[in-house]
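Take a look at the structure below.
In what follows, chains carry the letters A, B, and so on, assigned in the order in which the sequence lines appear, proteins first and then strands, with residues in each chain numbered from 1.
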Amino acid sequence: MPPNRIDVTEPVRVRFAPSPTGSLHVGGARTALFNWLLARHTGGVFVLRLEDTDRERSTPESEAEILRAMSWLGLDWDEGPFRQSERDDVYRAAVDRLRASGAVYPAWETDEELEAQRAAARADKRAPVVRGRRDWSAEDVARFEAEGRRPVWRFAVDVPGETVIDDLIRGPVRFDHANVEDFVVARSDGTPTYNLAAAVDDVEMGISHVVRGEDHISNTPKQMMVMRALGAEPPVYAHIPLILGSDKKRLSKRHGAASVEDLEADGVLAQPARNALALLGWSYDDKTTTFTRDELIERFSIARVSKSPAVFDMKKLEVMNGRYMRSLPKDVFEEELIAYLRKTGYLAQHGPHAEAVARRSAPLVQRKLSKLSEFDVLAGWMFRDLDFEPEAWELLAADVKHSIQAVGGGLGRIDALEPFDLDGVKDALQDQLHILGENAREFLEPIRISVTGQRVSTGVYESIAVLGREEATRRMRLTLARLSELWAAA
RNA sequence: GCCCCCAUCGUCUAGCGGCCUAGGACUCCGCCCUUUCAAGGCGGCAAUCGCGGGUUCGAAUCCCGCUGGGGGCACCA
């Protein structure tokens, strides 16, 4: 454990609180995962809360997608999902209490006045903070109201003063109140802002530890002030580092697969996805890189979370995914593959026998895939008649004479083979390979292409075996015929 | 401009003052496996621990400064 860090062992109440304004990003998923792991590790409670107070941007589709993505990742929640849009009365009651205690005040400044205040502060090399006037006369207020203006409610930040976050990961982080503006707590239409709602909910829901992205750290002192003004003790905070793209900027869509949805569509399985996500900013020791779900729960420690941001590497995830899939029992892999092909519509697109063909193909691709979306590249040929890819045909055409020899030689052995099975095919072709004295690549590649039509595909022996003697030899003869045409033409 | 955070191979990281002539993983490069291709095995390249000062017998590890990177600065969350 890093120095001066305390681990959390008592049962926690944590929450994941996304705003439903898009899909669940890798960064958000990692935050959810850490919260979930902390809850499961300590035998605590994981609360899910949708922060949908921005009615413009929040959508039911996005909410459904986030819930679905979490379920897919196996991150089950114990309470919720709660929606802030359904808790308006709770926030209004909180604002009333803040008004009663004088912790907040009505602010009448116009947008222009606010802008001028911030600009002046900037010019003065001070933080661009806003402090509303608190000494309007009764006449002023009456006039504003007559004009139809409605005030926002701002939190009266104590100046001078200081709020210190005792961050579990970063240690004490101090904020001088001179740099914290009198933030808005209730909009002029009476709706609560994020800082109010989040603070009230964390208190009301009995949240003991808030684990969230570092991008929220400047909000934390504000929320702590609200909690204290409400007479509550703030929870323990842990601000985790951000996840970056390869350009070291915050990970976003332009970096490629950046959401859980994308990973799933790419054919990554949940287990390796969790594994990879957990390893972004967290490690168990100096060697272990693969963890089962239960190992993750058992070994996770918030104290071992790194302070520095991490660049997300899709390639590494793919490698982990490939290894994981290879380690799966045959039948389990087959079911995963079928489920994926069904979900993506691949099966539906390839006719009535597609599922049967895909099931037969499963053992041929298991060893070769790093993600399920590569299935078509390897096994697509099985779903159609022989149809050469241009690059594949070029490989055969590059040395027509040799290709004819290889395919012809292979055909001779296959045609007469008895019994016809995988081992038989393998022995026969290897024997032929010895006779010809060629290297494996020179001899086997043309045969593989003659049967699959693809430059990259499933293995030669397996491909021939899965086709059966009749179909395999038919394809080889077809190839031979085409090669002969080419030969004659030349 | 202001506030906050961060800084070990290209990337993810181990490292808690001597075990570090810095360990592991991914990438990349070789070789092996006479089953090709994006499998597997073995091996290799790769960090003067961002820079400069301290503290100490001894610093990647502690302190200060600098530089660099990131985040935040709404009636968004």
Just call it for [X]: base, sugar-phosphate, or nothing, with non-hydrogen atoms closer than 4.0 Å on any strand.
X: A:Val173; result: sugar-phosphate
X: A:Arg448; result: base
X: A:Val184; result: sugar-phosphate
X: A:Glu374; result: base
X: A:Leu280; result: sugar-phosphate
X: A:His239; result: nothing
X: A:Thr458; result: base
X: A:Gly281; result: sugar-phosphate
X: A:Val180; result: nothing
X: A:Arg323; result: sugar-phosphate
X: A:Arg154; result: sugar-phosphate
X: A:Ser457; result: base

When you measure from the side-chain N and O atoms of [X] to the phosphate of [N], is any distance below 4.0 Å, counting only OP1 and OP2?
X: A:Ser370; N: B:A38; value: no
X: A:Arg367; N: B:U35; value: no
X: A:Arg187; N: B:A77; value: yes
X: A:Lys222; N: B:G72; value: no

What orientation do A:Phe183 and A:Phe155 show, parallel under 30°, tilted 30 to 60°, or perpendicular over 60°? parallel
Calculate the interatomic distance between [X] atom [atom1] and [N] atom [atom2]; express it in whole Å.
X: A:Gln223; N: B:A77; atom1: CD; atom2: P; result: 11 Å
X: A:Arg250; N: B:G71; atom1: CZ; atom2: P; result: 7 Å
X: A:Lys287; N: B:A22; atom1: NZ; atom2: P; result: 15 Å
X: A:Arg49; N: B:A77; atom1: CZ; atom2: P; result: 13 Å
X: A:Arg126; N: B:C2; atom1: CZ; atom2: C1'; result: 10 Å
X: A:Asp286; N: B:A22; atom1: CG; atom2: P; result: 15 Å
X: A:Glu162; N: B:C4; atom1: CD; atom2: P; result: 10 Å
X: A:Tyr194; N: B:G72; atom1: OH; atom2: C1'; result: 12 Å

When you measure from the side chain of [X], which nucleotide among [options] comes out closest?
X: A:Arg118; options: B:A77, B:A74, B:G40; answer: B:A74
X: A:Pro128; options: B:C2, B:U35, B:A77; answer: B:C2
X: A:Asn219; options: B:A77, B:C3, B:C16; answer: B:A77
X: A:Leu444; options: B:U11, B:U36, B:A38; answer: B:U36
X: A:Glu51; options: B:A77, B:G70, B:U34; answer: B:A77
X: A:Gln84; options: B:C6, B:A77, B:C26; answer: B:A77
X: A:Lys315; options: B:C4, B:U27, B:C2; answer: B:U27

Taking the six-membered ring for Trp, is the centroid-to-centroid distance between A:Phe300 and A:Phe34 below 6.0 Å? yes
Please check if the distance between the ring centroids of A:Phe312 and A:His25 is under 6.0 Å. no
With distance as the sole criterion, do the side chain of [X] and the base of [N] form a donor-acceptor contact below 3.5 Å?
X: A:Ser218; N: B:C3; result: no
X: A:Lys307; N: B:A7; result: no
X: A:Asn195; N: B:A77; result: no
X: A:Arg57; N: B:C76; result: yes

Residue whose closest nucleotide on RNA chain B lies nearer the 5' end, A:Arg441 versus A:Arg174: A:Arg174
By nearest-nucleotide position on RNA chain B, the 5'-leaning member of A:Ala310 and A:Val319 is A:Ala310
Pick the C1' atom in B:A46 and in B:G53, then give their distance to the nearest Å. 30 Å
Nearest-Å distance once atom C1' is located in both B:C45 and B:U56: 36 Å
Please check if any side-chain donor atom of [X] sits under 3.5 Å from a side-chain acceptor atom of [Y], or the reverse.
X: A:Trp282; Y: A:Ser301; answer: no
X: A:Ser85; Y: A:Arg55; answer: no
X: A:Thr193; Y: A:Asn195; answer: no
X: A:Glu63; Y: A:Thr59; answer: no
X: A:Arg469; Y: A:Thr473; answer: no

Watson-Crick or G-U counterpart of B:C73, or none if no pair lies under 3.5 Å: B:G1
Complementary nucleotide of B:U61, counting Watson-Crick and G-U pairs under 3.5 Å: none
Can you see whether A:Trp153 has A:Arg99 sitting over its ring - NZ or CZ less than 6.0 Å from the centre and within 45° of the normal? yes
